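The first residue in the sequence is number 1, and the count goes up from there. Quick caveat, the model's predicted, so the values are computed rather than measured.
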Amino acid sequence: IFGVTATALLLALVLYMRNVAGVVAPLVTSVTAAIWGFGFVGWLGQPVEPLIMVVPLLLVARSFSHCVQVTERFYEVYHIVRDKRKAAEISLGVMMAPGTLGIITDAAGLFLIAVAPIPAMERFALFCGFWALMLIPTNVPSLPRSVRVAVPVVVNTTCRCFSSAAPPCLTTCRTIP
């Protein structure tokens, strides 16, 4: 089940983003957060329960979600300003507060699982809560920089209306391979 879910997440990412930067950046940030999460548990000497390994897959999906949101915003801004550095600065400025708050909320919910008087659940809460917190340094500030490096200078784009509520309509643009 783990392999099928991971493959489905990767396939969904590839089909949605349709470019190297949009696929590699979420993978790198998710793998980095996973390494830090497992490293933290190893450092504490805590065992990882194999039966609850489904939740870390949800954390990977959540990481992908944050990455896709930031990447989409970067492409929106890049389409307008045509400067990678400026697009990274603007997208980071817009996405940092809501992204960080969303991750903190996720981590708080996971840490609250430790209230249960079950030792396995207490370890699980510590492991997953810390992993969720590691999405802040891996996703929020570093993602616009990594996408900025990977975006080609000349971009062939397909654009679609991203928000009909805000005039003028912002567009989401992705490179075509």
Side-chain angles (χ1 to χ4, degrees), residues 1-42 44 46-76 88 91-92 94-116 120-151 160 162-163 172-175 177:
I1 291 178
F2 187 83
V4 171
T5 306
T7 302
L9 284 171
L10 182 62
L11 183 64
L13 187 64
V14 168
L15 291 175
Y16 183 76
M17 294 308 294
R18 296 184 305 220
N19 66 28
V20 174
V23 173
V24 172
L27 286 175
V28 169
T29 57
S30 297
V31 167
T32 303
I35 290 170
W36 289 354
F38 281 110
F40 179 69
V41 169
L44 291 177
Q46 299 275 335
V48 177
E49 303 290 329
L51 295 176
I52 56 175
M53 285 304 294
V54 171
V55 175
L57 275 177
L58 295 175
L59 290 172
V60 170
R62 187 73 174 130
S63 176
F64 280 7
S65 172
H66 283 287
C67 291
V68 167
Q69 290 172 17
V70 172
T71 304
E72 287 282 322
R73 178 60 62 153
F74 174 84
Y75 283 126
E76 286 176 1
S91 61
L92 180 61
V94 170
M95 299 300 290
M96 181 164 249
T100 303
L101 184 59
I103 292 169
I104 289 171
T105 304
D106 293 342
L110 289 165
F111 280 130
L112 282 175
I113 295 171
V115 173
M121 296 310 287
E122 292 169 353
R123 289 190 304 270
F124 166 77
L126 186 64
F127 167 52
C128 290
F130 181 80
W131 185 341
L133 286 177
M134 289 305 98
L135 295 179
I136 294 173
T138 59
N139 281 14
V140 178
S142 64
L143 188 62
R145 283 183 258 143
S146 62
V147 171
R148 178 178 65 97
V149 169
V151 170
R160 62 178 166 78
F162 185 73
S163 171
T172 300
C173 301
R174 290 180 236 135
T175 59

Next item on the list: Verify side-chain contact (heavy atoms from CB on, under 4.5 Å) between Ile136 and Ile104, making sure each step is shown before the conclusion.
Entry: CA-CA 8 Å; Ile136 294 173; Ile104 289 171; 3.7 Å; yes
Notebook entry, point to check: Got a sec, which pairs hit salt bridge (charged side-chain N to carboxylate O under 4.0 Å, His left out) with one end in residues 23-41, sequence neighbours left out?
Noted result: none
Note to self: Under the rule for side chain to side chain donor-acceptor pair (under 3.5 Å), what residues qualify as partners of Ser63, not counting sequence neighbours?
What the structure shows: Ser30, Asn139
Checklist line | Qualifying salt bridge (charged side-chain N to carboxylate O under 4.0 Å, His left out) pairs, either residue in residues 126-138, two or more places apart | finding: none
Check: Could you state the interatomic distance from OH (Tyr16) to CZ (Arg18), rounded to the nearest 0.5 Å?
Finding: 9.0 Å
Check: Of the non-hydrogen atoms in Phe64 and Leu10, which two are nearest, and what is the gap between them?
Finding: CE2-N, 4.4 Å
Note to self: Using only atom types and a distance under 3.5 Å, with no angle test, would you say the side chain of Ser65 pairs donor to acceptor with the backbone of Ala61?
What the structure shows: no
Could you go through residues 122-131 and list every donor-acceptor pair under 3.5 Å that involves a side-chain atom there, pairing it with any protein atom two or more places apart or in another chain?
| residue | atom | partner | partner atom | Å |
| --- | --- | --- | --- | --- |
| Arg123 | NH2 | Glu49 | OE2 | 2.5 |

Next item on the list: For residues 102-114, pull every pair meeting salt bridge (charged side-chain N to carboxylate O under 4.0 Å, His left out), keeping only residues two or more places apart or in separate chains.
Entry: Arg62-Asp106
Check: Rounded to the nearest 0.5 Å, how far apart are CE of Met134 and CD1 of Ile103?
Finding: 10.0 Å
Next item on the list: Applying side chain to side chain donor-acceptor pair (under 3.5 Å), name anything that partners Thr100, two or more places apart in sequence or on another chain.
Entry: none
Margin query: Once rounded to the nearest 0.5 Å, what's the spacing between atom CG of Leu110 and atom CG of Leu59?
Written below: 6.0 Å
